[in-house]
Amino acid sequence: MHSVYGLFTPAAMIRLGVLGAGFSAGYSFASSHGSVQSILQTPTLTASQIAMNWDKVYTRGVKLVPAVAFASSLAYLYAAYRFKGPLVATVFGISPTLQLDIAASLLLFVFPWTYFRMLPGLERLQAYSASARKGAQIDGPEAEGIKADVEDWYWTNGVRAVAFGGACVLGLTVL
């Protein structure tokens, strides 16, 4: 029993939080600035193809990144709760426990950001993708709406990547 308890030290939890936050940052950044950017810059894709390709990228990410971000935030919060080291100021001039709480908050920030800022565009893009999969051709103002929504998702998902990256840096500087 004691050896299992030893796995949950604050240092181990911080490392777990850093790993999850770093993965989430990298995945979100790669999704936005790699996959979606290349989809937007391919001139031969129709609006229907853009919507379906975006949906593939989004579906992969939504299955993994929220769970990893939430688990990382719990790891940071547990580490802050159990932290018994010296409460000397870190690189940023604040206590390690506060810094871990801020890192957890950054990870949790993406959930309301997604719900309040990104959800309307996500729902439109998913509807466009579903109709495109059924064979509907999307053109005219709807096609421009798809491109605008994908471009909006591109930068708003980038904001999430920055928040994840910030949480990763905050966790690293506590170690």
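Numbering starts at 1 and runs along the sequence shown.
Looking only at atom types and distance, the side chain of T156 has no donor-acceptor partner in the side chain of R160 under 3.5 Å away. For the residue pair T46/S48, the side-chain donor-acceptor check at 3.5 Å is not satisfied. If you check the side chains of Q99 and T173, you find a donor sitting under 3.5 Å from an acceptor.
Listed here is the closest heavy atom pair of P10 and A79: O-CB, 3.6 Å. In plain terms, the two heavy atoms of I14 and G171 that are nearest each other are CG2-O, 3.5 Å. Nearest heavy atoms, P96 versus V174: CB-CG1, 3.9 Å. In terms of heavy-atom proximity, S31 sits nearest to N157 at CB-ND2, 4.0 Å. A80 and D101 get closest at one heavy-atom pair: CB-OD1, 3.4 Å. Contact record, S72 with G20: OG-CA, 3.0 Å, taken as the closest heavy-atom pair.
In terms of hydrophobic clustering, with Ile, Leu, Val, Met, Phe, Trp and Tyr side chains grouped at heavy-atom distances under 4.5 Å, V169 and V162 are assigned to different clusters. Both F70 and F23 belong to a single network of hydrophobic side chains, linked directly or stepwise wherever heavy atoms of I, L, V, M, F, W or Y lie under 4.5 Å apart. Criterion: ILVMFWY side-chain heavy atoms under 4.5 Å apart, direct or through other members. Under it, W155 and I146 are part of a common hydrophobic cluster. By the criterion of side-chain heavy atoms lying less than 4.5 angstrom apart, applied directly or through intervening Ile, Leu, Val, Met, Phe, Trp or Tyr residues, Y27 is grouped together with Y58 in one hydrophobic cluster. Hydrophobic cluster membership differs between L74 and L19, with clusters built from Ile, Leu, Val, Met, Phe, Trp and Tyr side chains linked at under 4.5 angstrom.
Rounding to the nearest 0.5 Å places CG of L106 at 12.5 Å from OG of S24. For the atom pair C168 SG and L107 CG, the distance stands at 9.0 Å (nearest 0.5 Å). Separating the OG1 atom in T59 from the CD atom in Q126 is a distance of 7.0 Å, to the nearest 0.5 Å. In this structure, OG on S35 lies 13.0 Å from CH2 on W54, to the nearest 0.5 angstrom. In this structure, OG on S38 lies 12.5 Å from NE2 on H33, to the nearest 0.5 angstrom. The CH2 atom of W113 lies 8.0 Å from the CE atom of M118; values are rounded to the nearest 0.5 Å.
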**OP:** Evaluate the side-chain contact (heavy atoms from CB on, under 4.5 Å) criterion for residues L100 and L77: first the C-alpha distance (whole Å), next the side-chain angles of each, then the deciding distance (0.1 Å), finally the verdict.
**Re:** CA-CA 7 Å; L100 291 170; L77 289 172; over 6 Å; no
**OP:** Would you please test L119 and T114 for side-chain contact (heavy atoms from CB on, under 4.5 Å) and show each step?
**Re:** CA-CA 6 Å; L119 191 60; T114 302; 5.9 Å; no
**OP:** Please lay out, stage by stage, how T97 and S95 fare under the test side chain to side chain donor-acceptor pair (under 3.5 Å).
**Re:** CA-CA 6 Å; T97 54; S95 75; 3.3 Å; yes
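N53 places a side-chain heavy atom less than 4.5 Å from the side chain of L45. V57 places a side-chain heavy atom less than 4.5 Å from the side chain of I39. Residues T42 and Q49 fail the side-chain proximity criterion, which asks for heavy atoms closer than 4.5 Å. Contact check for S129 versus L125: no side-chain heavy atoms found under the 4.5 Å cut-off. Counting only heavy atoms from C-beta outward, the side chains of R82 and M13 never approach each other to under 4.5 Å. I102 places a side-chain heavy atom less than 4.5 Å from the side chain of I94. Between Y76 and V18 there is a side-chain heavy-atom pair separated by less than 4.5 Å. Within the 4.5 Å cutoff, the side chain of V110 has no heavy atoms near those of the V65 side chain.
Below 30°, between 30° and 60°, or above 60°: for Y81 and Y78 the angle between ring planes is between 30° and 60°, a tilted geometry.
The number of heavy atoms from other shown groups lying within 6.0 Å of OH (Y154) is above 12. The local environment of CZ in F111 is crowded, with over 12 non-hydrogen atoms from other residues, nucleotides or ligands closer than 6.0 Å.
With respect to R117 and D152, a salt bridge is recorded, a charged nitrogen being found less than 4.0 Å from a carboxylate O.
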